[in-house]
Amino acid sequence: MARLHIGSDHAAIELRHELVAAALAAGHTVVSELGPGDPGDSIDYPDIAAQVCERVHSDPGTLGVLVCGTGQGMAMAANKHAGIRAAVVLDCFSARMAREHNDANVLCLGARVVGPGLARLLLQTFLSTQFAGGRHARRVAKIDASGS
Ligand code: RB5
């Protein structure tokens, strides 16, 4: 079972709640949930990305989930942080491969792009897939060594 840090900006509060509920229902642990409670509380997504990435980096073995309108801004911001490999995912194959080949440790989803049903499936796929290691470990090490 995974231990998760989940965050959203104002554009994805509802999806954040959906994903927290889905993760808990599947037996995962939500260690922290960050982001506004009211859609009127506009917040800059890089600030939430920074908080979630800091937690993922300093709490080994945990994974992050970042949701905003498209997932793109969260991923761009997250990938600036040390030790973070964030992937925007729109389909189940990519959700699986991002873990299996790229050892992604942050899943980014867009609340204005995917519906709640697909988002739950993408989360479930991401969390149930393990990194394959082997030749992929060498490639991931090169990503990490390349800095931001
Ligand atoms: C907020 O309007 C929106 O720009 C943000 O949620 C996200 O989609 C950025 O990538």
Side-chain angles (χ1 to χ4, degrees), residues 2-26 28-131 136 139-148:
R3 293 191 304 120
L4 305 174
H5 302 281
I6 299 183
S8 83
D9 70 359
H10 53 282
I13 295 170
E14 212 172 308
L15 182 57
R16 189 186 81 219
H17 292 322
E18 292 266 2
L19 295 176
V20 167
L24 294 175
H28 301 292
T29 301
V30 177
V31 183
S32 61
E33 181 184 356
L34 301 162
D38 187 303
D41 294 340
S42 180
I43 189 163
D44 296 338
Y45 56 82
D47 297 337
I48 295 295
Q51 292 176 47
V52 166
C53 290
E54 159 60 24
R55 283 165 170 77
V56 170
H57 190 51
S58 63
D59 191 0
T62 59
L63 295 171
V65 178
L66 287 169
V67 284
C68 61
T70 61
Q72 302 291 350
M74 284 293 197
M76 290 177 195
N79 279 319
K80 292 287 186 182
H81 294 271
I84 297 300
R85 291 174 303 280
V88 184
V89 158
L90 299 171
D91 63 274
C92 288
F93 182 74
S94 300
R96 183 176 148 200
M97 287 301 139
R99 290 284 301 132
E100 201 172 300
H101 284 194
N102 312 118
D103 199 16
N105 53 10
V106 175
L107 172 69
C108 299
L109 299 173
R112 294 171 180 161
V113 183
V114 297
L118 177 57
R120 283 194 297 268
L121 193 55
L122 295 172
L123 176 68
Q124 180 189 322
T125 303
F126 188 84
L127 297 183
S128 63
T129 306
Q130 301 300 314
F131 179 47
H136 303 295
R139 295 162 185 168
V140 169
K142 287 185 179 181
I143 295 175
D144 289 345
S146 65
S148 54

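All ligand and atom numbering here is 1-based and tracks the order in the structure.
Qualifying side-chain contact (heavy atoms from CB on, under 4.5 Å) partners for Ala104, counting only residues two or more places apart in sequence or in other chains: Ala87, Ala98, Phe126.
For the pair Arg16 and Ile6, the tightest heavy-atom approach, listed with the atom from each and the gap, is CG-CG2, 3.7 Å.
Sorted by first and then second residue, the side-chain hydrogen bond (donor to acceptor under 3.5 Å, both in side chains) pairs with a member in residues 87-96 read Asp91-Ser94, Arg96-Glu100; sequence neighbours excluded.
Near ligand 1, residues Asp9, His10, Ala11, Tyr45, Cys68, Gly69, Thr70, Gly73, Arg112 come within 4.0 angstrom through at least one heavy atom.
Using modelled atom types, one side-chain atom of His10 and one backbone atom of Ile43 make a donor-acceptor pair closer than 3.5 Å. Listed for the Asp9 side chain is no donor-acceptor partner under 3.5 Å among the backbone atoms of Ile48.
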Please table the atom pairs, donor to acceptor, closer than 3.5 Å between any side-chain atom in residues 61-74 and protein atoms at least two apart or in another chain.
unit_1 : atom_1 : unit_2 : atom_2 : d
Thr62  : OG1    : His5   : NE2    : 3.4
Thr62  : OG1    : Asp59  : O      : 2.6
Thr70  : OG1    : Gln72  : N      : 3.0

